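Treat the numbers as computed from the prediction; the structure is a model and nothing was measured.
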Amino acid sequence: MTIPPLSVRPARNNTPIAVDGGAVARELDLDVAVFRQLMDAEKITVLCERGTGEDEGTWRVSFYHDDRRARFIVDARGRILDVPAS
């Protein structure tokens, strides 16, 4: 099943960043369909942080569900640059 990118809006400039939902589901150890249902039900929390200094132009996007966390470093187009260790 293909999942459309998730749109995350950083608080500072409100420009949406699309993150691969399939990658997030995998990191949270969830089936894509279950992940989408949880997102729709607002059971997954998202935190988006803007990089500064040498990290300017990147964002750290974290998704939380129960005791699990999926964290990604992405560019302005939502391309995953890194998946930091939990």
Side-chain angles (χ1 to χ4, degrees):
M1 169 187 264
T2 302
I3 186 168
L6 303 170
S7 184
V8 178
R9 291 188 180 274
R12 182 141 239 190
N13 65 4
N14 205 30
T15 301
I17 297 173
V19 179
D20 178 5
V24 178
R26 280 190 300 278
E27 287 293 315
L28 290 175
D29 197 28
L30 295 170
D31 178 76
V32 172
V34 171
F35 170 71
R36 179 52 73 186
Q37 290 172 347
L38 290 168
M39 284 294 294
D40 290 344
E42 299 180 357
K43 300 290 185 183
I44 293 180
T45 305
V46 181
L47 174 65
C48 187
E49 302 166 279
R50 181 177 54 88
T52 61
E54 68 181 46
D55 295 320
E56 185 77 31
T58 64
W59 284 260
R60 180 169 59 193
V61 183
S62 304
F63 297 84
Y64 299 92
H65 175 64
D66 290 339
D67 62 346
R68 292 174 270 182
R69 176 184 72 196
R71 181 172 281 169
F72 303 89
I73 304 299
V74 301
D75 65 12
R77 292 176 37 182
R79 290 182 296 204
I80 297 172
L81 304 174
D82 191 19
V83 181
S86 296

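Atom CG of Asp29 is surrounded by 12 or fewer heavy atoms from other residues, nucleotides or ligands within 6.0 Å. At most 12 heavy atoms of other shown residues, nucleotides or ligands fall within 6.0 angstrom of atom CD in Glu54.
Residues Trp59 and Gly57 come closest through the heavy atom pair CZ3-O, 3.3 Å. Annotation for Ala23 and Ile80: closest pair CB-CD1, 3.7 Å, computed over non-hydrogen atoms. The two atoms that bring Phe72 and Val24 nearest to each other are CE1-CG2, 3.6 Å, heavy atoms only. For Val61 against Cys48, the heavy-atom pair with the smallest separation is CG2-SG, 3.9 Å.
Note: Asp31 CG to Gln37 CD = 8.5 Å, rounded to the nearest 0.5 Å. The distance from the CZ atom of Phe63 to the OG1 atom of Thr45 is 11.0 Å, given to the nearest 0.5 Å. With rounding to the nearest 0.5 angstrom, the CD atom of Glu56 is 8.0 Å from the OG1 atom of Thr58. Within the model, atoms CZ of Phe35 and CG of Leu28 stand 6.5 Å from one another, a figure rounded to the nearest 0.5 Å. Atoms NE2 and CG, on His65 and Leu38 in that order, are 4.5 Å from each other to the nearest 0.5 Å.
The closest side-chain heavy-atom distance from Asp20 to Arg26 is below 4.5 Å. Side-chain contact between Arg50 and Arg60 is absent, with no heavy atoms from C-beta onward closer than 4.5 Å.
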